[in-house]
There are 2 protein chains.
Amino acid sequence: MDLPERKRQILKAIVENYINTAEPVGSKMIAGAFSQPISSATIRNEMSELEEMGFLEKPHVSAGRVPSYAAYRLYVDELMDSYRMAAGEIERLQAEMRSRLRELDSIMINASRIVSHFTDHTSVSIIDRAGGSSVKKVQLVSIDDMTYAVVLVTENNARNKVLRLPAPLSETEAAVLGRAINAALAENRLPAFAAGLRSIAAPGSGALFLADKVVELVREAQSETHASEVYVDGAGRLLSNREYQDPEKARDLLDYLSDLRKVGGLVRCRTPYVVNIRIGPENGEPRLWDASFVFTAYDIDEQTRGIVGVIGPTRMDYSRTIARLSAIARQLSRLASGENAKYKLKEPGDRHE
Amino acid sequence: MDLPERKRQILKAIVENYINTAEPVGSKMIAGAFSQPISSATIRNEMSELEEMGFLEKPHVSAGRVPSYAAYRLYVDELMDSYRMAAGEIERLQAEMRSRLRELDSIMINASRIVSHFTDHTSVSIIDRAGGSSVKKVQLVSIDDMTYAVVLVTENNARNKVLRLPAPLSETEAAVLGRAINAALAENRLPAFAAGLRSIAAPGSGALFLADKVVELVREAQSETHASEVYVDGAGRLLSNREYQDPEKARDLLDYLSDLRKVGGLVRCRTPYVVNIRIGPENGEPRLWDASFVFTAYDIDEQTRGIVGVIGPTRMDYSRTIARLSAIARQLSRLASGENAKYKLKEPGDRHE
DNA sequence: TTTAGCACTCGGGGGGCGCGAGTGCTAAAA
DNA sequence: TTTTAGCACTCGCGCCCCCCGAGTGCTAAA
């Protein structure tokens, strides 16, 4: 973007002012904010040009100007200073994270809580199994002869699902079935195995039902992020923003956020530790047109990636948010990979797109 | 409550009117609603008596009256007609539930969703392990030699937690440890076993760490409802109510709801299929003073109880909510116990307190 | 005991008004 | 040519005021 230096400075000042005050910015305000004195008339000229270029908008004739989406985009791409967290902030963050994140599988919920708390925005936390979480092992755990827990063991996580069988299955039968399933799984011919079983076993038998379910669960585990792996926290903080004082708007957004599958689908982010920013319409989803979604990924292991992000008004303090998010992501990754960081970590605010 | 019949009718009409309109109710309004003609002056006399008795309040001199908490209490206890769901409604409910609730352990999340959808209120869903969920079996599943999933099998559910060990532990060692733990668990001397292990095993060894963690997890499983077993859905629906148009109030309540532990603590409900109603201050929690919490429990098994409920303004349509909630609870229990209902089920709206 | 009538109360909505922030334009200064 | 000062103009917002009307309590008659 080959915008003359002075226009850039003016635009930057306007965006930052608006971020802080949520009120349209006038020419005098900006004139006062410059080091070398410059008259408000000059600013006005520049501003009306910036408006023609599509960076500013007027809510009405005699109010100041408000940044457009294009302005925010330019701001985060080129104008924004990167914010560095003070030592104290970082310490508080680390302390809080250490105390909360003792177990690996509570990472998601707690990450969400921490992000929301430290950024003062509504947060989203997602587990993303890139290309599927290659199930390594399946364990059938008998609860009673009609009820089994299927434990799927993946790279460094496990999850279980409890199923009720249509017909009883003894523990020894289950053990046999379990071995067969794992053998099939290792050779990657699980669906074939289940199909084969269908011709042998009695229809409606517990073993057949269980085998089918396992195939389904494994497939599910390997495909998309699913709802149980999306978590939203701090929804109430949305309401603190002036733009969501209108209950209609807030309601729309909250409703959207409670559809976790959709929220999970928002994220297409493959490069870890790069902070992604989606401003307004860039999100696709109409209900997010006046919201921004800022998120970043962290590695949990080679197959699994966590994503944390915040949702707030387009007028959010991007540079603070970015700094905090990436600090949190680095910490998370460090904790997830057991302190002995296998992955090269970037400095906060290094890159974003 | 020995209130004369006419006063009861008037109070009932006022409460119902207010539930529908959210606006203070005047004497004429009520006079018109009666079958035998009765003058507004008479109503006014009655109303001012009801006010003295603490059932009505005046927002200001020249508005109508608004029911007090006591009035809602009396209303749900004695005045309210019980609402019966139409056949169509029940069918839709059952269809939706069948399609959503295939797996047992997704009950909580989906129950919440269904309740929110059918009652049009914010819903809460909790798993309550009355007196602890007696862990029947512990399974150690190796992910790699530094990482294990501990699967706790309870009456008819399972949950797992992934732990990273301080030192490696082979799969065969884990199997031995697993057997020992289960033996100890069966005889209810698990803590003693872990303590004994401490004197034999090397400090900092994987086995010791794991054993300690298992003890901790079992204890945790046996104690309180914990955060991962509380789920809130449809938070946005709060904002549809006139009383939460004020973002301040809405924010307070949403913040409260996002503290899941606290929400879990709200519920002290031991009798299943009885709809409990906590009106305003009855909830204890100050942030719920102008909200009502209506909930009911359903049996999952002898040890485990699910709780579903809704949170809304004190002016909520109690009788519809009660009918729907108890229909949902009965369905849930039926599904959870595999259609062959072991528990005697009540009719909807039968009892509540 | 009920009812009609009446004076009184106030909250809320609408209209009018003035303030002030902000703009665009023009003309002079740099 | 660019910057700046000056000025007329616009218009949203807050303020005040006032009136309307729903609703009340009281009193006196049925």
Side-chain angles (χ1 to χ4, degrees), chain A residues 3-11 13-18 20-68 71 242-243 245-246 315, chain B residues 3-11 13-18 20-68 71 242-243 245-246 315:
Chain A
L3 215 53
E5 183 54 24
R6 198 176 58 186
K7 281 203 177 55
R8 296 168 68 93
Q9 284 187 21
I10 290 174
L11 188 55
I14 293 174
V15 169
E16 286 174 352
N17 205 296
Y18 189 68
N20 290 328
T21 63
E23 270 169 15
V25 185
S27 52
K28 261 184 212 155
M29 188 73 61
I30 299 305
F34 273 79
S35 45
Q36 70 274 53
I38 195 171
S39 91
S40 66
T42 312
I43 304 278
R44 277 202 293 282
N45 290 332
E46 297 281 43
M47 279 166 94
S48 72
E49 284 173 51
L50 283 167
E51 187 178 352
E52 267 175 31
M53 299 164 90
F55 290 115
L56 296 178
E57 286 161 7
K58 276 192 285 210
H60 30 260
V61 183
S62 95
R65 258 95 165 186
V66 159
S68 70
R242 172 184 282 238
E243 24 279 281
Q245 297 296 77
D246 172 14
R315 169 195 70 80
Chain B
L3 215 54
E5 182 54 24
R6 200 176 58 184
K7 280 206 177 51
R8 296 168 68 93
Q9 284 186 22
I10 290 174
L11 188 54
I14 292 174
V15 170
E16 287 173 354
N17 205 297
Y18 188 67
N20 292 326
T21 64
E23 268 167 18
V25 184
S27 52
K28 262 183 209 154
M29 186 74 60
I30 298 305
F34 271 79
S35 46
Q36 70 274 52
I38 195 171
S39 91
S40 66
T42 312
I43 304 279
R44 277 203 292 283
N45 290 332
E46 297 280 40
M47 280 166 94
S48 73
E49 283 173 50
L50 283 168
E51 187 178 351
E52 266 175 34
M53 299 163 90
F55 290 115
L56 295 178
E57 285 161 9
K58 276 192 285 207
H60 29 258
V61 183
S62 95
R65 257 91 164 189
V66 159
S68 70
R242 172 182 284 238
E243 25 278 282
Q245 297 296 76
D246 173 14
R315 167 194 71 82

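Naming convention: chains lettered A, B, ... in sequence-line order (proteins, then strands); numbering from 1 in each chain.
- For D:dT4, the OP1/OP2 oxygens have a side-chain nitrogen or oxygen of A:Thr42 closer than 4.0 Å.
- Between B:Ser39 and C:dT3, a side-chain N or O to OP1/OP2 separation shorter than 4.0 Å is present.
- Candidate nucleotides C:dC10, D:dT24, C:dT3 were compared by shortest atom distance to the side chain of B:Ile38, and C:dT3 ranks first.
- In this structure, B:Ser27 contributes its side chain and B:Arg44 its backbone to no donor-acceptor pair below 3.5 Å.
- A straight line from OH of A:Tyr18 to P of C:dG22 spans 14 Å, rounded to a whole angstrom.
- The listed nucleotides are D:dG25, D:dG21, C:dC25; the one nearest the side chain of B:Glu51 is D:dG25.
- Side chain of A:Ser62, nearest nucleotide from D:dT10, C:dG24, D:dG25: D:dT10.
- Within 4.0 Å (heavy atoms only), A:Ala41 reaches at least one base atom of the nucleic acid.
- For A:Arg65 and C:dG24, the shortest distance from a side-chain N or O to OP1 or OP2 is below 4.0 Å.
- Projected onto DNA chain C by closest heavy-atom contact, A:Asn45 and A:Gly26 fall at different nucleotides, the more 5' of which corresponds to A:Gly26.
- Exactly one residue among A:Glu46, A:Glu49, A:Glu51, A:Glu23 makes a salt bridge (charged side-chain N to carboxylate O under 4.0 Å, His left out) with A:Arg65. That residue is A:Glu51.
- Residue contacts for B:Lys58: at a heavy-atom cut-off of 4.0 Å it reaches the sugar-phosphate backbone alone, with no base atom in range.
- Rounded to whole Å, atom P of C:dA4 lies 12 Å from atom CD1 of B:Ile43.
- Of all non-hydrogen atoms in B:Ile14 and B:Val25, the two that sit nearest each other are O-CG2, 3.8 Å.
- Separating the CD atom in A:Glu16 from the CD1 atom in A:Ile30 is a distance of 9.5 Å, to the nearest 0.5 Å.
- Residue B:Val61 is the one, among A:Gly64 and B:Val61, whose nearest nucleotide of DNA chain C lies closer to the 5' end (criterion: closest heavy atom).
- For D:dT24, the OP1/OP2 oxygens have a side-chain nitrogen or oxygen of B:Ser27 closer than 4.0 Å.
- The backbone N or O of B:Ala31 sits nowhere less than 3.5 Å from a side-chain atom of B:Ser40 that would complete a donor-acceptor pair.
- Atom-to-atom, CE of B:Met47 to C1' of D:dC26 comes out at 17 Å; the value is rounded to the nearest Å.
- Searching all strands for a Watson-Crick or G-U wobble partner of C:dG5 with both distances below 3.5 Å returns D:dC26.
- In terms of phosphate contacts, A:Arg6 brings a side-chain nitrogen or oxygen within less than 4.0 Å of OP1 or OP2 of D:dT3.
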